[in-house]
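Down below is the structure, laid out as structure tokens.
The sequence lines fix the lettering, A, B, ..., with proteins before strands; numbering per chain opens at 1.
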Protein chains: 2
Amino acid sequence: MAEPDTVTRILDTAEVLFAERGFAETSLRNITSKANVNLAAVNYHFGSKKALIQAVFARYLDPFTLRFHAALDELEAQHRHDGSTIPLEELLETMARTVLEVPAERHSLKVFMRLLGLAYSQAQGHLRRYIQEQYGSVFRRFTELVRRATPELPDAERFWRLHFVLGTVIFTLSGLDALRDIAEQDYQDHVSVRDLVRRLRPVVVSAMQAPLPELPAQEAV
Amino acid sequence: MAEPDTVTRILDTAEVLFAERGFAETSLRNITSKANVNLAAVNYHFGSKKALIQAVFARYLDPFTLRFHAALDELEAQHRHDGSTIPLEELLETMARTVLEVPAERHSLKVFMRLLGLAYSQAQGHLRRYIQEQYGSVFRRFTELVRRATPELPDAERFWRLHFVLGTVIFTLSGLDALRDIAEQDYQDHVSVRDLVRRLRPVVVSAMQAPLPELPAQEAV
DNA sequence: ACACTGTTCAAACGATTGTTTCCAACTGTT
DNA sequence: AACAGTTGGAAACAATCGTTTGAACAGTGT
């Protein structure tokens, strides 16, 4: 088998170690020694550790945004000539399918989700800002379609609910290994990622379609 | 005003810095200089940085478990003499009330939630293990009550759904500041923590009561 | 007065971090 | 074959990390 080139070996090793231990807890020496490349290679090829982290994300997110845009194009085309709005279930289904599809090619979904979870829980959130700036457009397109699919929801309410379910998905899938251990020993429940997605589906839909909250209690202190 | 003692000053400063920047990214020198105590004070009073982190959690979780046990006692007593089972909404309501109540006294709920989020997203999860071991009993008691409140759910399904909503709550409240910024500038929506809890209520209830997923791939091996 | 306790302090320890330097090895063009 | 430019590698860089040390300090009891 032909050895992958240095850049690829670094990325492959880095994403696994980052996912396992976090960014600050993973040293460049850790990565380079496990990847069998020289320590200086990271700074040579990527410039800095921070740039390496962003490169790891880009390798997942670039193909994801591409495919997701394509999938949304197709979805919109289907519903254009009959003039119907895309139902919420189809939107969520499309997103789920794309998320499952992308890393399945070469990388691991578990790693991808763990990285996303880390990015969002990251301290001052300069990673979250990077993701928001770099990939915010596809997210805005998605939310606009969700808006048309759920006209009964006030804009602010929909915004929060989308983040509620985002939390559910990222939290669950990024902590998958630990949760799976507990589930197996407590309930003899052997669950795959696809099982989990199947379990998530009705929960997410119900969450989005939940009744509106009662009117805000008297604000002001 | 009387200066709090050294231990308290360290804890007060540490929890804020940990919540802002994470555990690995916050150095002891950072904490001690801001708290106006000597660097060696941390190792003297707590033994190690890891022990300090656990102490920060204990200061939140110890009073929480105490009050939550008491609240559940009261709830069970109310429903004992009329023989009814405690409805899910009341269970969730009680938990929410306790969570809001505890840090309100002296510390910040935002900090508490951020710490919880960090603990769960933490790498190898030795913090999660610590929390699980130290405070697992109150969580098990709660899940057992939820079990009686939702007899129609298979055990495994309820387990996963509880973690789904746990993800929603922790993810949302721990990333509150960043999300609030976006919400305000995009929707002129000024939310307080209590607003968010009000918004969470119907979503969480609907998520727990969502229809069962379509037929399992292969349940019960 | 002394000894004993718990606490604070400045200084240093060894280890590890991200990054840079300098030279050898290689690649492709002339 | 000779050169120029790119890539690889071992070593060193300065900075920062958590932790330890030993002395000074303040009370308390005898």
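- Pairs engaging residues 4-40 of chain B under the ring pair (Phe, Tyr, Trp, His ring centres under 6.0 Å) rule: F18(B)-F23(B) [sequence neighbours left out].
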Listing time: all N or O pairs from protein to nucleotides 7-12 of chain D that are below 3.5 Å?
unit_1, atom_1, unit_2, atom_2, d
dT7(D), OP2, Y44(A), OH, 2.6
dT7(D), O5', Y44(A), OH, 3.4
dG8(D), OP1, T6(A), OG1, 3.0
dG8(D), OP2, H45(A), NE2, 2.8
dG9(D), OP2, N38(A), N, 3.3
dA10(D), N7, N38(A), ND2, 3.4

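- Regarding L28(B), its CG atom lies at a distance of 17 Å from the P atom of dA10(C), rounded to whole Å.
- By the side chain to side chain contact (heavy atoms under 4.5 Å, CB included) test, N38(A) pairs with A40(A), sequence neighbours left out.
- Per the geometry, CZ belonging to R21(B) stands 14 Å off C1' belonging to dC17(D), to the nearest Å.
- Under 4.0 angstrom from either OP1 or OP2 of dT16(D) there lies no side-chain N or O belonging to S27(B).
- Rounded to an integer number of Å, the gap from L52(A) CG to dT19(C) P is 10 Å.
- Rounded to whole Å, the distance from CD1 on I31(B) to P on dT19(D) is 11 Å.
- Computed from coordinates, the F23(B) CZ to dG18(D) P distance equals 13 Å when rounded to whole Å.
- Sorted by first and then second residue, the side chain to side chain donor-acceptor pair (under 3.5 Å) pairs with a member in residues 41-66 of chain B read D12(B)-R59(B), E15(B)-R59(B), E15(B)-Y60(B), D62(B)-Y135(B); sequence neighbours excluded.
- Among the heavy atoms of the strands lying under 4.0 Å from T26(A) are primed sugar atoms or P, OP1, OP2 only; no base atom is included.
- Using a 4.0 Å cut-off between charged side-chain N and carboxylate O, D73(A) and R67(A) make no salt bridge.
- Distance CG (D5(B)) to C1' (dG6(C)): 13 Å, rounded to an integer number of Å.
- Screening residues 163-184 of chain A for ring pair (Phe, Tyr, Trp, His ring centres under 6.0 Å), with sequence neighbours left out, gives F159(A)-H163(A), F171(A)-Y120(B).
- Residues passing the side chain to side chain contact (heavy atoms under 4.5 Å, CB included) test with E133(A) are R129(A), sequence neighbours excluded.
- Between the P atom of dG18(D) and the CD atom of E25(A) lies a distance of 12 Å, rounded to the nearest Å.
- What separates CG of N30(A) from P of dT17(C) is a distance of 7 Å, to the nearest Å.
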